[in-house]
Amino acid sequence: MKLSYYGHSCFSVEVNGKHLLFDPFISANELAKDIDIQQIPADYILVSHAHTDHILDCVAIALRTGAKVISSWEIHEWLQAKGVHNTHPMNTGGKWTFDDFTVKCTVAQHSSSFADGSYGGNPMGFIVYAENQSFYYSGDTALTLDMQLIPRWADLSFAVLPIGDNFTMGIRDAIAAAQFVKVTHVIGVHFDTFGFVKIDHHDATEAFAKESLKLTLPAIGQVVDI
Ligand code: NI
Ligand code: MN
């Protein structure tokens, strides 16, 4: 499975030759200025919550590519009002099978409002069940005991977890999350983008290694083979 990292919490995974793009926030990310949103392929866009640092480029990419956007009911309605018609609303706990994969929406302990303060529905994470490998993207969240349910639902190959602290889990809690969901490989996201989430890469990687876990902190533009 190939994972391309576009900075902050934006990444895409190829499943059955289709590109699943998560939480597109690129054009206002100083660190991602070499990434051109016009060039990013997408067949599906999964949006975890309505905060700007997860949804900013969603409309532009959805309109250009025609990708189906999977998100909360409230984000779906917001997108429809903006002329994005290929959407699929879901909510926490729900599961749906699309042509190329299945998604289950998980609890995220966070908040979810649009830039104007309006309600964005529940923040969520996603379990993606693909043909050969399943993975979990937690979205922005605190460490939560709900994560202990995830091994009941999926035998995961890897997890994508926020690691930058302040707004989400930090390093220690991301390690505990990896243990709850029973993965040994974590792709860290939501780090370094702005001052509040800067991390020491070496310390983070070492802390994971001490627990026999592999942490990948991809460079922006990097493609990780998993
Ligand atoms: Ni957020
Ligand atoms: Mn965020």
Side-chain angles (χ1 to χ4, degrees), residues 3-13 20-33 35 37 40 42 45-62 69-79 89-92 103 105-128 135-144 146-147 159-174 177-178 181 186-199 201 204 215-220:
L3 181 148
S4 305
Y5 183 57
Y6 298 118
H8 201 51
S9 289
C10 182
F11 62 98
S12 92
V13 174
L20 280 59
L21 180 68
F22 293 79
D23 285 357
F25 169 78
I26 296 148
S27 59
N29 181 357
E30 265 300 298
L31 303 179
K33 58 183 184 311
I35 305 289
I37 65 164
I40 294 177
I45 302 173
L46 291 88
V47 179
S48 65
H49 65 296
H51 288 161
T52 302
D53 62 321
H54 297 259
I55 203 170
L56 180 72
D57 297 311
C58 182
V59 170
I61 297 173
V69 185
I70 302 165
S71 68
S72 69
W73 173 263
E74 291 78 2
I75 293 174
H76 145 85
E77 286 199 308
W78 181 85
L79 289 166
M90 296 185 73
N91 211 329
T92 315
V103 172
C105 298
T106 61
V107 168
Q109 195 61 264
H110 192 64
S111 57
S112 180
S113 48
F114 292 99
D116 65 1
S118 60
Y119 177 57
N122 287 337
M124 303 195 291
F126 302 109
I127 301 169
V128 175
F135 64 93
Y136 167 57
Y137 167 48
S138 71
D140 280 8
T141 182
L143 176 66
T144 163
D146 293 293
M147 290 168 178
V160 180
L161 303 175
I163 197 170
D165 223 326
N166 192 74
F167 295 115
T168 67
M169 295 186 282
I171 293 158
R172 300 302 325 172
D173 286 352
V181 305
V186 169
I187 310 289
V189 295
H190 216 274
F191 63 92
D192 288 359
T193 317
F194 26 77
F196 296 132
V197 300
K198 284 215 163 51
I199 62 165
H201 293 209
L215 173 68
T216 300
L217 297 173
I220 296 174

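Both counts, for ligands and for their atoms, begin at 1 and track the order of listing.
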Discussion item. Measuring from atom SG of C10 to atom CG of L56, what distance do you get when rounded to the nearest 0.5 angstrom?
Written reply: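 Between atom SG of C10 and atom CG of L56 there are 10.5 Å.
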Worksheet item: Could you state the interatomic distance from CG (D23) to OH (Y6), rounded to the nearest 0.5 Å?
Response: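 Spacing of CG (D23) from OH (Y6) equals 14.0 Å.
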Item to complete: Kindly give the atom name of the N, O or S atom of H49 closest to the Ni ion (ligand 1).
Response: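 Nearest N/O/S atom of H49: NE2.
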Worksheet entry | Atom of D140 closest to the Ni ion (ligand 1), considering N, O or S atoms |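 When I compare the N, O and S atoms of D140, OD2 is nearest to the Ni ion (ligand 1).
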Practice prompt. Under the ring pair (Phe, Tyr, Trp, His ring centres under 6.0 Å) rule, what do Y137 and F22 come out as? Steps first, then yes or no, please.
Written response: CA-CA 9 Å; Y137 167 48; F22 293 79; 5.8 Å; yes
Worksheet item: Given NE2 of H54 on one side and OD2 of D140 on the other, what angle do they make at the Mn ion (ligand 2), to 10°?
Response: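 Result: 90°, to 10°.
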Practice prompt. Would you give the angle at the Ni ion (ligand 1) between H51 atom ND1 and H110 atom NE2, to the nearest 10°?
Written response: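 Roughly 90°, rounded to 10°.
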Worksheet item: Are F126 and Y136 close enough that their ring centers fall under 6.0 Å?
Response: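 No - the distance between ring centres of F126 and Y136 does not fall below the 6.0 Å cut-off.
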Practice prompt. Report the relative orientation of the aromatic rings in H190 and F194; use parallel for angles under 30°, tilted for 30 to 60°, perpendicular for over 60°.
Written response: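 H190 and F194: perpendicular rings.
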Item to complete: Give the atom name of whichever N/O/S atom in H190 sits closest to the Mn ion (ligand 2).
Response: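 So the atom name we want here is NE2.
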Worksheet entry | Of all N/O/S atoms in D53, the name of the one nearest the Mn ion (ligand 2) |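 It is OD2, the N, O or S atom of D53 closest to the Mn ion (ligand 2).
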